[in-house]
Amino acid sequence: MADPLIFACDCGKIRGELSQEARKAGTRIVCFCADCRANEIYHKQPDPAPGPVDLFQVNPDGLTFHQGEDLLRLMRLSPKGLFRWYAGCCGTPMANTLAKPTLPFAGLRSDRFANKDALGKIRARAFVPKQGKQPRTEGAARMVMSLLSRMISARLSGRWKETPFFDVESGEPVSKPEVISKEERAALLR
Ligand SMILES: [Zn+2]
Ligand SMILES: [Zn+2]
């Protein structure tokens, strides 16, 4: 049986695995926000709406690439948007990160794993649409606490430097971000 913690892009050129430790410390969430949806549509994935995008939040040091790490590409949905990493080979969305290696965080697309059930139960539902009201995040406190405790432990131990997404010396991402315009983003959501 394939290791359930193996992840890959659609075409298989990018392949890696998540450590058991990172799986245990990680938090599986689903996100209904417009940006996560726009990202899927931009990369010609099926439109998730009205459903969410399934994500597994971890420290980046838990990721090991077996191949294709150099094929990672980066886009942002606005000048200050999350870093949204995708496979340059086939366009598969792979992960989101914050914009600095000193804020160690990655939200991996759960669907990239051989068996996303191995990632555990869904602990939070972000930006759940509510009729006539602002979207709500269910499990927000748990999600934020887990995220902060992972970040703090990665910072204190120095493990934040083990990231596939950044050059830690310069703080620059390994791929130059393309930022799409407001109009392009709006067109994706029409
Ligand atoms: Zn989102
Ligand atoms: Zn690929």
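In this chain, residues are counted from 1 in sequence order. Counting starts at 1 for both ligands and their atoms, following the listed order.
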The SG(C11)-the Zn ion (ligand 2)-SG(C9) angle, to 10°, is 110°

Assess whether a salt bridge exists between R109 and E40, defined as any Lys/Arg side-chain N lying under 4.0 Å from an Asp/Glu carboxylate O. yes

>> Determine whether a donor-acceptor pair (N or O, by modelled atom type, separation under 3.5 Å) exists between the side chain of R125 and the backbone of V128.
In response: no

Any carboxylate oxygen within less than 4.0 angstrom of a Lys/Arg side-chain nitrogen, looking at D10 and R112?
yes

- Message: Looking only at the aromatic ring of each residue, does the gap between the centers of F165 and F105 stay below 6.0 angstrom?
- Response: no

In short, side-chain hydrogen bond (donor to acceptor under 3.5 Å, both in side chains) pairs touching residues 142-155 with sequence neighbours left out are T27-R150, S153-R159

- Please state whether the rings of W85 and F166 are parallel, tilted or perpendicular, taking 30° and 60° as the class boundaries. perpendicular

- prompt: What about F113 and F7, are their ring centers closer than 6.0 Å?
  reply: yes

With a cut-off of 2.8 Å, strictly less than, protein N/O/S atoms near the Zn ion (ligand 1) add up to 3

The angle formed at the Zn ion (ligand 2) by SG of C89 and SG of C90 is about (to 10 degrees) 120°

